[in-house]
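Just below is one structure, and these are the notes that go with it.
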Amino acid sequence: MITVKNLTKTYTNGEIVTPVLKGIDMDIKHGEFIAIMGKSGAGKSTLLYQISLLDKPTEGTINVNGIDILNLSETERTQFRLKRLGYIFQDYALVPELTAEENVAIPLLMQGIDSNKAKGKARHIIDSIDMVGKYTNRPNQLSGGQQQRISIARAIVQEPEILFADEPTANLDSASSEQVIELMRDLHKKGQTIVMVTHEPEYTKYCDRIIYLEDGKIVSHDYKIST
Amino acid sequence: MSFFKKQLDTLSKFWSVGYFLGLRQIVRGSIWINLLIISIMTLTFLSLVVIPGILVGLTEGSFEQNREYLTGDLYLTTLPDEETIVNSQDIVRVLDSLPEVENYSVRYKIGSTVEAGYINRDDFTEEAESLSVSAFVIDPEQEEATTGLSEFLIEGEMLSSDRSGEVLIGSTLLQKYSNFSDLFEPLVNVEVGRPVKITLQGEVEDDFQREQQLLDGNNDPGQTSEFIVAGIIDSKVGELSSSIFITEQDYRRIAQQRSLQAQEIVVKHNGRFTDEQFKDIALSYGFGRYAKVQTATEAIPKFLADVQQTFGFLGNIIGFVGIIVSSITVFIVIYINALTRRKFIGILKGIGISEGAIEFAYSIQSLFYAVFGIGLGLVILYGLLVPFFVQNPIDFPFSDGILVAELIPTLTRALILVVITMIAGFLPARIIVRQNTLDSILQR
Ligand SMILES: Nc1ncnc2c1ncn2[C@@H]1O[C@H](COP(=O)(O)OP(=O)(O)OP(=O)(O)O)[C@@H](O)[C@H]1O
Ligand SMILES: [Mg+2]
């Protein structure tokens with residue numbers, strides 16, 4: 001599904017050159033739930049941004065479902081993100097002026113789906129993540145855990161091929177974190193490919209594989225028995 | 001799908017998502033920010049129309065007064081090398097027969113000298129106060145019906161054909177009311193009900209009087225009579241308050257002439273024509289052969305026309321500055337708004353929302369601000385300010401200034417402001433939307 005070859009990312013700020021990713025090779029298969037772990041500053045987020053088309057690497061190739069994504073134009077990359085990828089951010093990143101259902105519906109609207117239909121689908125997804133009735137709450141009227149679940153709903157509403165999550169539980173208490181992880185496990189069970197960066201070993205319990213990153217390099221792949 | 005259909009499709013998505021986002025950003029944004037921006041727009045719009053409108057109104061008010069009280073809609077005056085309107089009787093006869101004519105007033109304008117304070121002089125060798133002024137000879141009833149001269153009486157009463165030997169005196173000639181005392185020596189001893197001596201230039205019939213005048217060293221031939229001051233006229237139309245008015249009957253009596261040729265005929269039409277059309281009618285009757293025929297606009301004194309041009313120019317400059325200031329304001333406001341929302345703009349782009357749609361959202365916001373701000377401005381303008389200035393005109397030396405805000409130019413300015421506001425809102429949004437997506441998300 002995702003094939004990464006010899007990926008490097010180097011930041012250059014004037015005189016200062018910071019190599020962050022130093023030659024990454026990896027393969028992510030369809031339906032896999034992958035955790036990326038490592039110390040702070042190891043380059044986990046940076047790696048995620050490269051393979052999720054939010055950033056462009058310095059060198060190397062990334063192939064997603066047979067498409068060399070580095071050859072895409074800016075508009076094509078936007079379209080690609082809209083239609084094929086889903087994102088969950090550490091700080092939920094919901095648009096404050098939009099209600100829960102509107103936040104979830106917006107990727108559908110962007111695809112030209114009519115607004116009633118988009119809202120209906122959004123509500124359906126919100127129901128499925130156990131948040132019945134919170135459709136018209138604004139983000140500031142939801143708890144952190146609820147916001148993160150809405151953000152998951154937004155990420156999956158257009159049925160992405162791959163779901164990316166950068167420390168989705170970092171801002172949450174353990175009960176909410178548990179709910180979020182359970183939700184991701186449910187998605188995984190239905191065949192969703194997920195790539196998640198996390199610090200907490202206990203939240204990797206449902207993952208198929210853990211990729212350990214150290215100083216910009218993959219140091220080990222830890223295969224687990226799928227649950 | 002054809003290329004154009006695809007473009008159209010993209011555009012319609014931009015529109016619907018942009019509208020969706022933009023509308024909610026306003027409606028669910030801070031009401032105080034909204035009010036602030038709308039009031040800035042309102043003030044800008046008002047400064048764009050009110051200041052130029054008042055500048056124009058100062059002269060416009062004076063034009064209106066000139067039309068109303070001095071020239072009428074059509075102003076017949078003497079031809080350049082004539083002293084009178086030849087055949088004024090014929091013209092009057094035609095005017096009487098024309099259904100288009102509402103009213104007219106025939107005026108004779110002659111040079112005169114007014115003397116006052118000659119009775120209570122202690123020392124008769126001292127010279128009496130005297131001023132050379134022009135005298136309007138009018139039919140009081142006709143003049144009143146045409147121009148309503150009596151509106152300007154600040155003391156006393158209007159002339160009447162039933163009484164004789166009365167005069168109205170313009171306020172600038174009197175020290176009591178004059179602001180121009182340094183320019184000439186105004187009359188001091190003039191009071192309503194008291195006499196003044198008036199010498200009307202023209203042919204003197206009485207030989208004895210003529211000789212007496214020559215003996216007095218007075219080379220200005222004329223008839224001198226005593227008049228009682230009936231009233232005092234004070235008007236922003238300078239010509240009225242610097243003249244005197246006597247009745248036609250008195251003039252005929254003094255000049256001992258039965259047929260007189262007028263110097264001015266002021267005509268008002270029934271309002272069913274433009275002045276130009278009315279002028280054409282007058283010319284078709286051959287008025288042009290005997291008199292200089294001018295519409296009210298053509299008869300505007302040159303200095304006023306110049307003042308208006310200058311004011312119009314100033315008004316445009318102020319309007320231009322206003323537009324610049326407001327577009328900078330909108331630019332800054334939208335820039336700050338977009339900047340504080342940079343993270344969400346990044347997120348939206350990150351999850352695949354097109355830049356175009358987000359830019360659209362900001363354009364819609366600035367459109368909203370422009371439309372509401374200007375709408376409020378229009379309400380204030382036509383609901384409050386224009387009526388206010390009609391009720392309380394600005395006291396200006398040569399006019400009562402009103403606020404001129406004609407609909408078409410006002411709406412044009414409004415439209416220009418809308419377009420400029422949209423550009424001023426679009427540009428900063430574009431600057432921020434086009435920034436690197438990840439940099440925006442990570443706020444770096
Ligand atoms: N724009 C940048 N310019 C220079 N260096 C950068 C830039 N962005 C990231 N880095 C550096 O890259 C390294 C990896 O950053 P990254 O955010 O990927 O770490 P991480 O593994 O996600 O850490 P954490 O667990 O704290 O989130 C860090 O040392 C960071 O300082
Ligand atoms: Mg990170």
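From a predicted model like this one, the values you see are computed outputs, not experimental measurements. First the proteins, then the strands, lettered A, B, ... as listed; each starts at 1. Scope of the values below: all heavy atoms of this structure, side chains included, with no hydrogens, waters or symmetry mates.
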*Taking every heavy-atom pair that is under 4.5 Å apart, which of Glu74(A), Arg154(A), Gln158(A) has the most such pairs with chain B?*
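Heavy-atom pair counts peak at Arg154(A).
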*asked:* Please identify, among Ser45(A), Gly86(A), Ser52(A), Pro96(A), the residue contributing the most non-hydrogen atom pairs under 4.5 Å to chain B.
replied: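 Maximum pair count with chain B is reached by Pro96(A).
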_Could you check whether any side-chain heavy atom of Met110(A) comes within less than 4.5 Å of a side-chain heavy atom of Ile351(B), counting everything from C-beta outward?_
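Sidechains of Ile351(B) and Met110(A): no contact.
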*Might you point out which heavy atoms bring Ala93(A) and Ile347(B) nearest each other, and give the distance in Å?*
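Reported closest heavy-atom pair: CB-CD1, 3.0 Å.
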In Å, rounded to the nearest 0.5 Å, how long is the span from [atom1] of [X] to [atom2] of [Y]?
X         : Y         : atom1 : atom2 : result
Leu442(B) : Tyr49(A)  : CG    : OH    : 4.0 Å
Leu82(A)  : Leu348(B) : CG    : CG    : 11.5 Å
Ile441(B) : Tyr87(A)  : CD1   : OH    : 8.5 Å

What part of [X] is in contact with chain B, defined as an atom under 4.5 angstrom from a non-hydrogen atom: side chain, backbone, both or neither?
X         : value
Arg138(A) : side chain
Phe80(A)  : neither
Leu53(A)  : neither

Does a sphere of radius 6.0 Å around [atom1] in [X] hold more than 12 heavy atoms from other residues, nucleotides or ligands, not counting ones at 6.0 Å or beyond?
X         : atom1 : value
Asp215(A) : CG    : no
His30(A)  : NE2   : no
Phe372(B) : CZ    : no
Gln7(B)   : CD    : yes
Gln309(B) : CD    : no
Lys56(A)  : NZ    : yes
Tyr11(A)  : OH    : yes
Lys343(B) : NZ    : yes

Under 3.5 Å, which donor-acceptor pairs link side chains of residues 403-412 of chain B to any protein atom two or more places apart or in another chain?
residue, atom, partner, partner atom, Å
Thr410(B), OG1, Tyr382(B), OH, 3.3
Thr410(B), OG1, Glu406(B), O, 2.5
Thr412(B), OG1, Ile408(B), O, 2.6

*When you measure from the side chain of Arg81(A) to the backbone N and O of Lys349(B), does any donor-acceptor pair fall under 3.5 Å?*
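Yes: the side chain of Arg81(A) pairs with the backbone of Lys349(B).
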So which residues of [range] are in contact with chain A at a heavy-atom cut-off of under 4.5 Å?
range                       : value
residues 353-370 of chain B : Ile353(B), Ser354(B), Ala357(B)
residues 16-28 of chain B   : Val17(B), Phe20(B), Leu21(B), Arg24(B), Gln25(B), Arg28(B)
residues 415-440 of chain B : Thr437(B), Leu438(B)

